[in-house]
Amino acid sequence: MRVIVINAYPERREKYDERYELYPAIWWEHVTEEQTEELHFRHNANMEYRRKVTACSLSHRNLLKKIIQEDLKNIVIIEDDCIIEDFDRLDELENVKEFCYIGGQINAPLMKDFKKFEDIKDNVRENFSKGLNVIDPKEFRVAHACSYFIPNAQVAQHILTQMPNGKKMRAIDTEYISLQKKDIITKFIYPAIGTLYLKDACNGFTYSTYKLYDDQSLY
């Protein structure tokens with residue numbers, strides 16, 4: 001099992017030891033305005049935000065392409081505000097043959113219900129079992145793309161060919177949510193294996209949207 005970190009920020013590298021492989025993310029300041037035009041954004045999104053989302057999306061997609069080109073197997077992908085506390089738990093992925101979240105945030109099926117979902121989140125969690133679980137897109141979705149598993153090049157290829165889910169790409173976690181609705185992404189490990197390193201996560205560009213209260217060990 002290889003754990004590959006999509007790493008953008010130099011100051012975030014210190015927490016990773018030899019068990020992690022650093023994969024250079026595209027730095028947002030290097031993203032052109034033309035590249036941001038390839039993604040869909042709300043009309044009032046500023047250019048810095050657009051560049052950061054574009055850089056994140058391109059970095060994930062480039063790593064999927066690397067898996068395909070090099071025929072890699074058993075790859076855990078995490079972002080550089082995420083860590084794995086217990087590497088022994090990666091054994092839980094031994095028989096998983098599809099895309100599988102190993103971390104993230106459960107949320108309402110519809111974004112407009114984000115705040116209301118906070119009141120019922122604990123009730124939703126009560127239905128999760130330890131280990132491999134199935135996403136029920138009518139009840140919840142798994143947001144964020146901070147931590148997931150790709151078993152082989154064929155799965156990576158299938159995921160790539162399903163994007164974008166519209167005329168333009170959206171943020172990578174939004175694209176993955178669309179694949180949950182299509183029953184292409186269906187699995188997650190509970191409790192989370194990859195959890196947020198809050199010192200870094202709370203400085204991320206999506207913090208203002210998602211309000212990260214804990215390390216998301218329970219999604």
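- The closest side-chain donor-acceptor pair between Arg50 and Thr54, if any, does not fall under 3.5 angstrom.
- Both the sub-6.0 Å distance and the 45° axial angle are satisfied by Arg19 relative to the ring of Phe87.
- Listed here is the closest heavy atom pair of Glu33 and Met47: CG-CE, 3.6 Å.
- Evaluated for a ring pair (Phe, Tyr, Trp, His ring centres under 6.0 Å) with Phe140, the options Phe128, Phe117, Tyr219 yield exactly one hit, Phe128.
- Around atom CD of Glu21, more than 12 heavy atoms belonging to other residues, nucleotides or ligands sit under 6.0 Å away.
- Between Tyr101 and Tyr148, the two ring planes are perpendicular [angle over 60°; tilted spans 30° to 60°].
- The side-chain heavy atoms of Lys138 and Pro109, taken from C-beta on, include no pair separated by under 4.5 Å.
- Considering every non-hydrogen atom in both Lys168 and Glu38, the closest pair reads CB-O, 3.6 Å.
- Proximity of a side-chain donor or acceptor of Asp80 to a complementary backbone N or O of Tyr9 within less than 3.5 Å is detected.
- Side-chain N or O atoms of Arg12 include one that pairs as donor or acceptor with a backbone N or O of Asp200 at under 3.5 Å.
- Contact detail for Cys100 and Leu132: the closest heavy-atom pair is SG-CD1, 3.7 Å.
- With sequence neighbours left out, the side-chain hydrogen bond (donor to acceptor under 3.5 Å, both in side chains) criterion links Asp119 to no other residue.
- A donor-acceptor contact closer than 3.5 angstrom is absent between the side chains of Glu48 and Asn46.
- Across all their heavy atoms, Ala192 and Gly103 have their closest contact at CB-CA, 3.9 Å.
- Under a 3.5 Å cut-off, the side chain of Tyr20 and the backbone N or O of Ile84 do form a donor-acceptor pair.
- Counting only heavy atoms from C-beta outward, the side chains of Arg42 and Tyr49 approach each other to under 4.5 Å.
- In the model, Lys181 has no side-chain atom that pairs as donor or acceptor with a side-chain atom of Asn165 under 3.5 Å.
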